[in-house]
Amino acid sequence: MKDIKSILQEQAVGSTLTVKGWVRTKRDTKNAIFLELNDGSCFGNLQCVFDVSNLSDQNKAALERLGTGASAAVTGTLVASPAAGQPVEVSAQSAEVIGEAPVDTYPLQKKAHSLEFLREIAHLRPRTNTFGAVARVRNQMSYAVHSFFQERGFNYVHTPIITASDCEGAGEMFQVTTLDMDAIAKAGKAVDYSKDFFGKPSFLSVSGQLNVETYCMALSKVYTFGPTFRAENSNTTRHLAEFWMIEPEFAFAELEDNMALAEDFLKYLLGWALDKCADDLDFFDKRIQKGLISMLDSVRNSKFVHMTYTDAIKQLEANKDTFEFKPYWGCDLQTEHERFLSETVVKGPLIVTDYPKEIKAFYMRLNEDGKTVRAMDVLVPRIGEIIGGSEREYRHDVLLNRIRELGLDEAAYWWYLDLRRFGTAPHSGFGLGFERLMRYVTGMENIRDVIPFPRAVKQAEF
RNA sequence: UCCCCUGUAGCUCAGCUGGCAGAGCAAGUGGCUGUUAACCACUGGGUCCGUGGUUCAAAUCCGCGCGGGGGAGCCA
């Protein structure tokens, strides 16, 4: 059985076929009944036309039960459509009800629904135009991520999801335990972690970076692409408690190589979407964000602007009256600063580098000035920070100093420091939040609408 | 965690300084038409989020609680 995507592509007029899918809409006229089926294989529906004057009782009964949302099988002949709107359609001989969707209880109607409402029925929302398109683009973007790195000789490394090391240091963590918390609470005793599964407190990983660096120091070019967990109490359109992150890491590479890789990567992904998801992007362009396609296309053909943090601060200070938070050298860039830089100053993507060491992670390579580190953030209009990365500190003594300066537990980093004791080498990498990429590519505003089952504060239904 | 907005029909919302609950869409019925966000007419459809208070009278005003949305911080 062919899917609707193939049928619409091949347009094999004259062929007999059976299509199975879900009814999107049904329209009655005196002489004909129009049934549009969608099977998710592509954005478009296949219109099936029934001749009323020539309808068996059985087919008539079936069509009466086929309302929006029902699943059906239709058999007929593919013909050129006499009316505008679709090149081909099925001249149908028979309809079969596979599963009904009673109209008085099925939540999706033949009308537009708000994204907020659809979020409450996350099990049914993939059947809408918007979420079907999001799902197909998400699939293509996953494929593109692997394609990009595989073409360049990067090895996909599976880093652990559970970690018992407390040195990841990137935000609040979810604790994992097999201890009986109810019993412990009832007994009023202190928790004895030596009795826990791993013999010590363990958590869901907030980043695969530290682990993937170990494979970077053996395979040279590696990347991770997996789920990441942050227990931060943040309630925004750009944060999730469970999200997917891509983290490439490559050896004998400095910040400039890192910037080039990040730029190539983003352009590759946007280009892939434009080439492989044209129908879905067309929908997003029309209904979700006007001008999306031309924006993506211009980014694909642009050159990312490079700017040091120090220069960025100068730009911001020259416009300081426009900000709620006054910029100064040493301050962390606020969302309003990042958006001003990308949306107003450069009007496109830019890479800001060489941040003060105080506002960046301990593992970033210290510059000669002793004040800044070889960090880079890729900032894009509307989204803000989409990529964060750096050249890593590969000098053992300098890294150890940083760990001590910051009062971190030196012993916990023993294996990370070992990488610098044995055959150390310059290396660099970055993290891309997959859902932030999805927001950028689809134009969808809320990050909860670009992941099938969003997990956020007080939100783990489905 | 902080700030702002919001909760009324299946969905999206209107309902003003308190005075009999409304529209569009969806649905049902009929009509019309190779229809395509179909069209036209009629019909049915309500715990006005919950709770306590003010009042002759609360969807409307006030307190508390719960849900939803947006912004900030944190970050990807």
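Chain identifiers are assigned alphabetically (A, B, ...) following the order of the sequence lines, protein sequences preceding nucleic acid strands; residue numbering begins at 1 within each chain.
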Parallel, tilted or perpendicular: rings of A:Phe250 and A:Phe154 (30°, 60°): tilted

Identity of whatever pairs with B:A72 - Watson-Crick or G-U, under 3.5 angstrom: B:U1

Identity of whatever pairs with B:U35 - Watson-Crick or G-U, under 3.5 angstrom: none

Nearest-neighbour nucleotide for the A:Thr25 side chain, B:A38, B:G10, B:U35 considered: B:A38

Pairwise C1' distance for B:C5 and B:G24, with rounding to whole Å: 24 Å

Nucleotide opposite B:A23 in a Watson-Crick or G-U pair, distances under 3.5 Å: B:U12

Parallel, tilted or perpendicular: ring planes of A:Tyr268 versus A:Phe148, cut at 30 and 60 degrees: perpendicular

Touch class at under 4.0 angstrom, heavy-atom based, for A:Ser114 against every strand present: sugar-phosphate

Aromatic ring proximity A:Phe362/A:Tyr413, centre distance under 6.0 Å: yes

Nucleotide paired to B:U51 in any strand shown, Watson-Crick or G-U, under 3.5 Å: B:G63

Residue closer to the 5' end of RNA chain B, A:Gln86 versus A:Ala112 (nearest nucleotide): A:Ala112

Distance in angstrom units between A:Asn446 CG and B:G71 P, rounded: 8 Å

Nearest-angstrom distance, C1' atom, B:A21 to B:G67: 23 Å

